[in-house]
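Shown next, in structure tokens, is the structure this report addresses.
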Amino acid sequence: MELTKEQLEKEIESLNGQLTGDMFQDMDIKDKIHNLTMKLNGVKPMDSSIDCVGCGS
């Protein structure tokens with residue numbers, strides 16, 4: 001199921017609201033935000049379980 005641009009933006013906004021400022025607690029949330037942002041921008045990793053080479057995430 002493809003999410004619309006609006007749905008992706010709302011999900012990113014929701015995740016940003018969950019950030020605590022604790023790097024270790026925020027790692028999973030930031031990873032989700034990063035993946036959603038890539039989808040929003042039309043960039044998708046071949047397999048989300050493989051680390052991105054470009055940004056080192």
Side-chain angles (χ1 to χ4, degrees):
M1 180 180 107
E2 277 298 309
L3 295 173
T4 66
K5 183 177 179 179
E6 289 176 3
Q7 288 172 315
L8 287 169
E9 289 171 344
K10 284 181 181 178
E11 185 68 22
I12 291 168
E13 189 177 320
S14 171
L15 289 167
N16 275 320
Q18 296 175 35
L19 294 173
T20 64
D22 181 317
M23 185 177 76
F24 295 104
Q25 287 184 346
D26 289 349
M27 280 172 56
D28 287 340
I29 297 171
K30 288 189 178 212
D31 189 45
K32 289 176 186 172
I33 292 170
H34 178 70
N35 287 335
L36 290 170
T37 302
M38 288 197 316
K39 284 182 186 174
L40 188 62
N41 294 331
V43 180
K44 294 183 190 176
M46 295 298 284
D47 179 357
S48 60
S49 68
I50 296 174
D51 292 340
C52 278
V53 174
C55 65
S57 289

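Taking CD of Glu6 as the reference point, atom CG of Leu40 lies at 11.0 Å (rounded to 0.5 Å). Taking CD from Glu9 and CD from Gln7, the interatomic distance works out to 11.0 Å, rounded to the nearest 0.5 Å. Atoms CE and CG, on Met27 and Asp22 in that order, are 10.5 Å from each other to the nearest 0.5 Å. To the nearest 0.5 Å, atoms CD (Glu11) and CG (Asn16) are separated by 10.5 Å. With rounding to the nearest 0.5 Å, the separation of NZ in Lys30 from CD1 in Ile33 is 7.5 Å. For the atom pair OG1 of Thr37 and NE2 of His34, the computed distance is 8.0 Å after rounding to the nearest 0.5 Å.
Take Asp28 and apply the side chain to side chain contact (heavy atoms under 4.5 Å, CB included) test, not counting sequence neighbours, and it matches no residue.
No donor-acceptor pair under 3.5 Å is formed between the side chain of Asp26 and the backbone N or O of Leu19.
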